[in-house]
Amino acid sequence: MAQSFHLSSPITDINPIKPSNCCSDLVAFDVTQKESIKVTHAARSERKKVIVVGAGVSGLHAAAVLHRHGCEVVVLEARDRIGGRILTSRKGDHVRDIGAAWMHETSQNILVKLIPKLSIPYYYDDGVPLYFTREGRTGSQFKAKKVADEFADYCEWFYETNPEAEDRPVHEFAKEFVLQHQLITEDERDWAPQAIREVELWIGTSTDQASSKHLSYFITERNLYMKGGYDRIVNWTAESLRSDPSIIRLNHHVENVEWNEDGTAPARIRYKDAAGAIGFIGGDAVIMTSPLGVYHHNLISFNPPLPSDIQEGMSKFSYGALGKVFFEFADVFWSKENDQFVFYPSPPDESDASSGSSVQSTPSILSIVENDNILNYATVTINLWIMTGSKELCVQIAEPLTQRIESMQDPKEIYLFFEPLFKLFRTEPYKALPRLTNVETTHWTQDPLAGYGSYSADKVGDEPQLLVDALENHKASRLQFAGEHCTVVGNGCVHGAYKSGETAANNLLERFGIPYDGVDALSLK
Ligand SMILES: Cc1cc2nc3c(=O)[nH]c(=O)nc-3n(C[C@H](O)[C@H](O)[C@H](O)COP(=O)(O)OP(=O)(O)OC[C@H]3O[C@@H](n4cnc5c(N)ncnc54)[C@H](O)[C@@H]3O)c2cc1C
């Protein structure tokens, strides 16, 4: 799948930044010093050996930083590929990102620098979306979306001014908000809680479960679609590690981590290789980058057990399940003008029994089955015709639907479930839908190495800051953690994961007494 990418330009610029957690007396240096500094680091470190578990973007970046500072690094990856939750499928010119596909928070996302640097084709997908309900496209006076935005603002204000207030499910709180709102119409009162469900496709979980206190609602940010494939970022991150083929070890599934703080014995990791044979590897320190869901399912054991504050932090941070279903057609039958099609399901009292409504009469089994289709769920569909030129739509879904769709085997059955949505998207409603040529679904919820989900999500009662604080408490530990769940800045995202790898590596450099070189690899020409 992955194609390697080589920088052709010489290094001309180094930007020394001294991180706050670095006690080094290092001053600015020029590029001619780079090699001698590397040698000095190597000598000072006495070749400290660090085992990095996981070759996603956080693990690769952590390993690259340590490698640059002369440490011996070994990256153990259970899969037969690098990239983790970044997975680009390439067939000829056809590029499809099965995991991450966007750079979010582009104004602060450090990885955006790589777009021009690596000449990666991109697309800002912030054109005007089309909004749909069962009745078809919404008109310009459909203001429920604006009321939903107002609720999100209210929510943020409410918990800022009442930090001790009880956390509540977003759907419940939104319903209360519209009931008390005196200046909206009855229609807006009904539809605003449905419109807020668009956020489900950001956080990967339903508004019945999502936390109001930590509602992440992206109203103004820009998002950049990685039209050229996210694997370009992964390959760039891994580049320096590939000079030595013994660094990244694929098909090494870590089962147990023995660690200690006093340094009298090396940390020891037990893994299973592709043939099922058990192996052991030791090192001075370990960086764990498995997804949060892996720890929730106790898929790796620690000896001694993890510190209680880290365990508590992990248990107070949930994991969501965003899914994607790609449908490729023989022809484009949808609008060629709009980037996204947002669908809002009907308010419960207008909907059928299968969506959990309070309909009094008992519906027949047939009507439940007939009505059990995609129109009972909020979806955001990506118009890949505009983004990449392929004749396909990518429907994004959230749990609990993700688990259900990802377990379905038959493409025809999947298509029939989604067909009512496509009928709504027709630009000429009387025409038959064109031939379907390909269906592909994600399978993250069935994947133990992805922690049976997609990324961390704030559910009711969560306190994500607890994990970040616990990791900070243990920043001098020989057992470090990195990954998208280890940060509150860019959490759930590729750029957050990347940065977390740097933090973990810096923590170990400090522990080893190795000065941080201040190199901003992203700015190197
Ligand atoms: C469907 C989906 C859509 C997404 N969309 C976006 C998006 O548009 N933009 C965005 O910024 N982010 C998005 N994300 C999130 C983004 O992909 C992640 O935040 C990021 O890739 C996480 O990197 P990581 O290094 O923390 O973890 P991972 O990439 O998961 O890396 C962890 C690695 O550890 C390995 N591992 C796990 N257990 C073991 C073990 N026992 N032994 C050895 N190896 C092990 C895994 O195989 C994996 O390779 C999306 C994710 C998904 C699933």
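Just so you know, ligand 1 is whichever comes first in the structure, and atom 1 is the first atom listed for that ligand.
For atom 49 (O) of ligand 1, the nearest protein heavy atom (residue, atom name, distance) is Glu77 OE1, 2.6 Å. The protein non-hydrogen atom at the shortest distance from atom 42 (N) of ligand 1 is Val254 N, 2.9 Å. Atom 32 (C) of ligand 1 has its closest protein heavy atom at Thr289 O, 3.3 Å. Counting protein heavy atoms only, atom 31 (O) of ligand 1 is closest to Gly56 CA, 3.3 Å. Looking from atom 38 (N) of ligand 1 to the surrounding protein, the closest heavy atom is Ser290 OG, 3.3 Å. Closest protein heavy atom to atom 19 (O) of ligand 1: Gly492 O, 3.1 Å. The shortest contact between atom 8 (O) of ligand 1 and any protein heavy atom is with Trp102 N, 2.9 Å. Of all protein heavy atoms, the one lying nearest to atom 22 (C) of ligand 1 is Arg85 NH2, 3.6 Å.
Relative to atom 50 (C) of ligand 1, the option among Tyr455, Trp202, Trp444, Tyr230 with the closest non-hydrogen atom is Tyr455. In the candidate list Ser454, Ala100, Cys486, Gly293, Ala100 is nearest to atom 13 (C) of ligand 1, counting heavy atoms. Comparing Ala62, Gly320, Ala55, Ala497 against atom 20 (C) of ligand 1, the shortest heavy-atom distance belongs to Ala497.
Heavy-atom minimum distance, Ile514 versus Cys71: CD1-SG, 3.9 Å.
Residue Ala450 places every heavy atom at 4.0 Å or more from ligand 1. No heavy atom of Thr442 sits closer than 4.0 Å to any atom of ligand 1. The shortest separation from a heavy atom of Gly83 to ligand 1 is under 4.0 Å, placing the residue in contact. Contact between Arg81 and ligand 1 is absent, with no heavy atom of the residue lying under 4.0 Å from the ligand.
In this view, Glu255 and Arg270, Lys272 satisfy the salt bridge (Lys or Arg N to Asp or Glu O under 4.0 Å) rule, not counting sequence neighbours. With sequence neighbours excluded, no residue forms a salt bridge (Lys or Arg N to Asp or Glu O under 4.0 Å) with Lys391.
A tilted orientation is assigned to the rings of Phe327 and Phe418, their planes being inclined by 30° to 60°.
Heavy-atom neighbours of Asp93 CG from other residues, nucleotides or ligands within 6.0 Å: at or below the threshold of 12. No more than 12 heavy-atom neighbours from other residues, nucleotides or ligands sit within 6.0 angstrom of CD on Glu337. For Lys499, the NZ atom is loosely surrounded, since the number of other residues' heavy atoms within 6.0 Å does not exceed 12. Enclosure of atom OH in Tyr122 is not indicated, since only 12 or fewer non-hydrogen atoms of other residues, nucleotides or ligands lie within 6.0 angstrom.
Counting heavy atoms closer than 4.0 Å to ligand 1, residue Ile300 contributes side-chain atoms (C-beta onward) but none from N, CA, C or O. For Ser58, heavy-atom contacts with ligand 1 shorter than 4.0 Å involve the backbone as well as the side chain. In His104, the part holding a heavy atom less than 4.0 Å from any atom of ligand 1 is the side chain. Within the 4.0 Å heavy-atom criterion, both parts of Ala78, backbone and side chain, lie near ligand 1.
Taking every non-hydrogen atom of Ile86 and a distance limit under 4.0 Å, the qualifying atoms of ligand 1 come out as 21 (O). Ligand-side atoms of ligand 1 in range of Val494: 10 (C), 11 (O), 12 (N), 16 (C), 19 (O), range being under 4.0 angstrom from any heavy atom. Shown in contact with Leu76 at under 4.0 Å from a heavy atom are these atoms of ligand 1, numbered in order with element: 43 (C), 44 (N).
Gln209 places a side-chain heavy atom less than 4.5 Å from the side chain of Thr205. The closest side-chain heavy-atom distance from Thr88 to Ile98 is not below 4.5 Å.
The shortest N or O to N or O distance between Glu484 and ligand 1 is under 3.5 Å.
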